[in-house]
Structures are given as C-alpha cells and as structure tokens.
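A short write-up of the structure that comes next.
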Amino acid sequence: MLNLIQTQKQTLKISPAQIQLLNFLQLNTLELEQHIKNELEENPLLEEGEEEAASDFETSDENALSSSEDRTQDYMDWEEFREDDTPDYRTRVNNFSDDDNAYTPTLVETASWRQELKEQFHLLPLTERQQVLADFVVDSLSDEGYLNYTAEAMTDDVSFTSGLYVEEAEVEEIIQILRKMDPPGLGARNLQDCLLMQLERRQDEKAKIAAELVKKRFEDLAARNYEKLMRLSGLMFDDLKDTLALIATLNPQPVVGSQTGTLIVKDNIVPDYIVTVEGDIIDVELNNRRIPPLIINKAYAQEVGGSRAANTYVNSKLNAANWLIEAIQQRENTMLRSMRTIVKLQEDYFKTGDVRMLKPMVLRDIAERIKMDVSTISRVTSGKYAQTPFGIIHLKDLFTEGLMTNTGEEVSNRQIQLTLADLVSKEDKHNPFNDFQLAEMLADLGYPVARRTVAKYREQLDIPTATLRRVL
C-alpha cells in the first residue's frame with residue numbers, strides 16, 4: 001500500500017516547467033501579445049522575423065570573425081554615420097497590409113463626476129473653509145452618489161485629517177447645499193431618500209401622491225403588494241397604476257455609470273479563433289495577426305559571447321528564447337486540436353448558429369478525445385473567444401450539462417433555459433408564473449426539472465421572481 005501511494009504521488013507530480021506551460025496556455029491573444037512585447041524588450045536574443053527559430057543554434061568562432069569583419073566594412077567611414085541618429089523604424093519599409101497593423105486601444109479623456117460636482121461648488125459664493133468642507137463631502141460620496149456617513153462622523157473625520165476644528169452645523173450646511181445640486185438625488189442616504197428627493201422637485205399632484213407612498217409605504221412598494229397599497233392609501237386601481245408608472249421613471253442611483261477615473265480604455269474583444277463555414281466545410285484557424293513570428297538573434301549572441309560570464313548570460317537568454325518559441329508552437333497546436341474537436345462535436349450549432357442545436361458537452365469530453373488533461377482544456381477555453389459567421393462567442397458558453405427528456409433524448413440545459421425564457425415572456429404579467437408552475441410546464445414539454453433547477457436557471461437568465469415580475 002505504501003508503494004502504491006508513492007507511485008501515485010510520482011504520477012501526479014508536475015514539474016515547474018509543466019506548470020509554467022499550463023499558465024502560458026491560459027493567456028488569450030491580447031495577453032500573449034503583451035507577454036511577447038515584454039520578452040522582446042527583456043531578452044536581446046529574441047527578435048521578430050520570418051525565419052524558423054534555430055533551436056540547434058551553434059556558435060562558431062569563424063562565423064563570428066567573418067560577421068565581425070562584415071560589420072567593420074559597413075562602418076569603415078564612421079564620420080559619415082556618426083551624426084545619423086535617425087531611428088531604424090523611420091527607414092523601415094512596411095511590407096504588410098493595413099489589416100496586419102496592431103493598434104492600441106483608444107484612450108478617451110472624460111471628466112469625473114466628482115470633479116464636475118466640485119466645480120459646481122466653486123461657482124458658489126463660499127468661503128475657503130467651506131470649499132474645503134465641500135471637497136471633503138464630495139469625496140465622501142459613494143460611486144453611486146449616496147452619502148453613507150452622518151454629519152457627526154464627517155465632522156470628526158475632517159477635523160482629524162485637515163487639522164481644522166469644524167462644527168457639525170457647518171458640515172450639515174454643505175450637505176444641504178449638495179442635496180439641491182444636479183443630478184437629483186445626490187447626497188441621499190438610501191434608496192427611499194433618493195426617490196423622495198427627486199419627487200420633491202416636482203410640484204404636480206401626482207408627485208405628491210407618489211412621495212406619500214414612498215415615504216409611508218415603501219416596504220409594500222418594494223414587495224409589490226398592490227392590494228394592500230390600495231386598501232391603506234385609498235387609491236383606486238387606475239390612480240395607483242399612474243403613481244407606480246411615475247415612480248418607475250425615477251432614477252434609483254443619483255450617478256449612473258459613474259466613472260472613477262479620467263481615462264477610460266475602450267477595449268474591444270479580440271477573438272482567439274476564427275471559424276469559417278463554407279457549405280458543409282468548417283475551417284478553424286488561430287487569430288495570429290497580432291502575434292509576431294520570433295527568431296533567435298544570432299548576431300547578438302556571437303558578438304556578446306567570449307568570457308565565461310558572457311557565455312552564461314547568453315546561454316540563459318538563449319534557453320529562455322527557445323522555450324518561449326517552443327511554448328508558442330505548443331500553445332497553437334493544443335488550441336487548434338481543442339477547438340477543432342469542439343467544432344466537430346457542435347457541428348450543427350456552428351453551421352446554423354442556433355443555440356438550441358447545442359449538444360451537452362463538458363471539458364472531459366474534449367480531454368478524452370485529444371488525450372489531454374481536463375485542466376489543460378480548461379486553460380485553453382477559459383477567457384477565449386471565437387469569431388464565427390454569426391458573431392463572436394465565448395467558448396465557455398459552449399459547455400453545457402445535459403438532461404434526459406421524457407422521450408429519451410439528451411438535450412443541453414441551454415435549450416431548457418431558452419424554453420424557460422419563452423414561457424416567462426408569454427405569461428400574463430398581472431398573474432405571473434411561480435417556480436412550481438414553471439417546473440410543471442417544463443415537465444409537460446418533456447423537460448423533467450425540479451423547482452430548484454428552475455430557480456437556478458431563472459437567476460442565470462436574470463429573470464426576477466414572480467412577485468417582482470407582477471405589474472398592474
């Protein structure tokens with residue numbers, strides 16, 4: 001038994017090089033591009049080129065001498081080139097098409113909403129002391145524009161951080177000024193307060209009725225207990241319906257889509273695979289336009305080599321360069337084998353683009369077919385995207401569990417989710433179906449699922465409960 005355990009440990013043991021390669025497989029196209037750029041900057045033996053990497057690189061003194069003499073002949077007249085500091089990239093001819101050029105994400109400069117709010121304060125006739133308090137109050141707001149601190153707590157904080165003795169009334173005065181600024185709801189302490197602040201700016205009768213409901217019957221509003229609201233408020237059905245419609249137009253967050261910085265990167269998804277369909281033929285290729293081919297810089301190795309320390313340095317960089325080139329090749333082979341297997345299993349889906357044609361598939365199905373570990377397949381598909389004739393898809397969305405129908409057919413849970421969403425879309429919104437009813441309806445359609453499964457699928461589809469789906 002002891003020998004068996006030791007044998008299992010040796011079998012499961014993974015070398016550091018294998019772990020490094022597994023982590024390398026997890027990189028997507030953008031991450032690999034950045035990794036290669038970093039390696040090109042750090043490793044002088046790596047350079048971009050069209051030739052194959054020379055893994056059997058050999059150094060020869062004669063070659064080094066001849067190449068050295070060639071370089072000497074090139075620069076015999078040093079005075080002619082001494083003042084020529086033109087970078088190489090300005091004289092390099094671009095022999096590639098425009099599609100091969102790699103562009104960095106666009107940086108869009110925007111103003112922070114906090115900065116705009118401080119500018120509103122600076123336009124008011126406030127003293128320097130009040131401006132300091134105003135900046136502190138603005139910085140105390142949450143990313144949604146709520147004020148989660150009391151005036152007393154902020155008084156202690158600003159007194160401690162600024163070294164000023166501040167009265168609570170001074171902070172409260174700044175808070176009241178803030179609550180009158182745009183957008184409406186700034187400085188609210190909770191959702192109820194935020195809605196009331198927006199309704200108070202309206203002077204019509206409907207806004208007063210809505211404010212009364214929000215102030216006194218907020219919990220019943222959140223629970224959508226319409227019968228109780230009509231009974232306690234004395235509102236008729238049509239009046240309550242108009243009031244709820246008015247409340248629905250209010251903004252639950254003072255700041256929507258808040259921006260925490262002044263620079264936003266508009267980052268687009270770069271697909272790792274390109275899937276093309278022509279008739280019955282499905283072709284898979286890697287999106288390598290952004291990945292430059294790498295070769296070994298032999299000239300640098302021959303020039304630097306000589307002393308023992310220099311040879312050690314060259315060998316270490318040479319091993320790192322060869323490992324990177326081989327790792328990229330192995331990554332491409334593994335990714336292509338995995339993707340081609342996925343396409344073969346989901347052939348009907350890739351030909352039609354219909355999600356209902358997805359077959360149940362898990363990571364183990366791919367791993368068994370290409371004789372690899374499940375963790376390897378997970379890294380190859382995690383965070384990876386594929387460009388298809390019907391759009392860009394996330395590979396993880398292709399992996400779904402299966403369920404046996406009443407007719408003995410195995411279908412994916414994605415098909416059941418689509419059926420569930422279709423049932424919810426056709427329900428009577430005045431009397432929506434609960435999870436038990438939805439489970440029974442799915443069972444009648446041939447999908448025997450439990451209520452807990454229906455609740456899980458409903459949450460995955462961002463469908464609220466029956467109470468929250470109910471409308472007047």
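Both backbone and side-chain heavy atoms feed into the values below; hydrogens, waters and symmetry mates do not.
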Legend entry - Candidate pair D239 and I209, rule side chain to side chain contact (heavy atoms under 4.5 Å, CB included), full reasoning: CA-CA 9 Å; D239 295 334; I209 297 174; over 6 Å; no
Legend entry - Test log, rule salt bridge (charged side-chain N to carboxylate O under 4.0 Å, His left out), inputs R379 and D373: CA-CA 10 Å; R379 285 173 169 83; D373 193 79; over 6 Å; no
Inset, instruction - Walk me through it: do Y447 and L420 pass the test side chain to side chain contact (heavy atoms under 4.5 Å, CB included)? - result: CA-CA 10 Å; Y447 307 121; L420 174 62; over 6 Å; no
Legend entry - Derivation of the side chain to side chain contact (heavy atoms under 4.5 Å, CB included) call for Q417 and D422: CA-CA 9 Å; Q417 290 177 2; D422 185 59; over 6 Å; no
Inset, instruction - Please test R114 against E116 for salt bridge (charged side-chain N to carboxylate O under 4.0 Å, His left out), starting from the C-alpha separation and ending with a verdict. - result: CA-CA 5 Å; R114 282 190 173 88; E116 293 180 352; over 6 Å; no
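To the nearest 0.5 Å, the span separating NE2 on H35 from CG on L30 amounts to 14.5 Å. Taking CD1 of I392 as the start and CG of D272 as the end, the distance is 10.0 Å to the nearest 0.5 Å. Here the CG-OH distance, from L438 to Y457, works out to 13.5 Å after rounding to the nearest 0.5 Å. Of the inter-residue distances, the one linking K180 atom NZ with E200 atom CD reads 11.0 Å to the nearest 0.5 angstrom. Here CG of D135 is found 8.5 Å from CD of Q115. Values are rounded to the nearest 0.5 Å. Taken from OG1 in T29 to CD1 in I291, the straight-line distance is 6.0 Å, to the nearest 0.5 Å.
Residues meeting the salt bridge (charged side-chain N to carboxylate O under 4.0 Å, His left out) test with D242, sequence neighbours left out: none. With sequence neighbours left out, the side-chain hydrogen bond (donor to acceptor under 3.5 Å, both in side chains) criterion links N287 to no other residue. Residues passing the salt bridge (charged side-chain N to carboxylate O under 4.0 Å, His left out) test with D354 are R356, sequence neighbours excluded. In this structure, the ring pair (Phe, Tyr, Trp, His ring centres under 6.0 Å) partners of Y349, at least two apart in sequence or on a different chain, are F390. With sequence neighbours excluded, the residues that form a ring pair (Phe, Tyr, Trp, His ring centres under 6.0 Å) with Y385 are H394. The salt bridge (charged side-chain N to carboxylate O under 4.0 Å, His left out) test applied to E347 returns K351, not counting sequence neighbours. For D435, the side-chain hydrogen bond (donor to acceptor under 3.5 Å, both in side chains) test picks out R458, with sequence neighbours left out. With sequence neighbours excluded, the residues satisfying side-chain hydrogen bond (donor to acceptor under 3.5 Å, both in side chains) with Q34 are N38. Taking the ring pair (Phe, Tyr, Trp, His ring centres under 6.0 Å) definition, one finds that H122 meets it with nothing, sequence neighbours left out.
Considering all non-hydrogen atoms of both residues, P183 and P254 come closest at CG-O, 3.2 Å. Counting all heavy atoms, side chain and backbone alike, W113 lies closest to D143 at CZ2-O, 3.9 Å.
Between V374 and I377, every side-chain heavy-atom pair lies at or beyond the 4.5 Å cut-off. At a threshold of 4.5 Å between non-hydrogen side-chain atoms, the residues R331 and I328 do not count as touching. At least one side-chain heavy atom of Q192 sits less than 4.5 Å from a side-chain heavy atom of V214. Under the 4.5 Å side-chain criterion, counting only non-hydrogen atoms from C-beta, M441 is not in contact with L445. For the pair F136/V171, no side-chain contact is recorded, criterion being any heavy-atom separation below 4.5 Å from C-beta on. Between M335 and N333, the closest side-chain pair of non-hydrogen atoms is not below 4.5 Å. You'll find the side chain of L191 reaches within 4.5 Å of the side chain of F218, heavy atoms only. A 4.5 Å side-chain heavy-atom check between Y273 and L395 finds at least one atom pair inside the cut-off.
Judged by distance alone, the side chain of Q198 and the main-chain N or O of N251 form a donor-acceptor pair under 3.5 Å.
The local environment of NZ in K396 is crowded, with over 12 non-hydrogen atoms from other residues, nucleotides or ligands closer than 6.0 Å. Around the CD1 atom of I281, the shell of radius 6.0 Å holds no more than 12 heavy atoms that belong to other residues, nucleotides or ligands.
For residues 201-214, every residue pair satisfying the salt bridge (charged side-chain N to carboxylate O under 4.0 Å, His left out) rule, not counting sequence neighbours, is listed here: D182-R201, E212-K216.
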Can you give the donor-acceptor pairs under 3.5 Å from side chains of residues 146-154 to other protein atoms, not counting sequence neighbours?
unit_1, atom_1, unit_2, atom_2, d
Y146, OH, P252, O, 2.4
T150, OG1, A153, N, 3.2

Which donor-acceptor pairs under 3.5 Å do side chains of residues 357-371 form with protein atoms, sequence neighbours excluded?
unit_1, atom_1, unit_2, atom_2, d
D365, OD2, V362, N, 3.0
R369, NH1, D365, O, 3.1

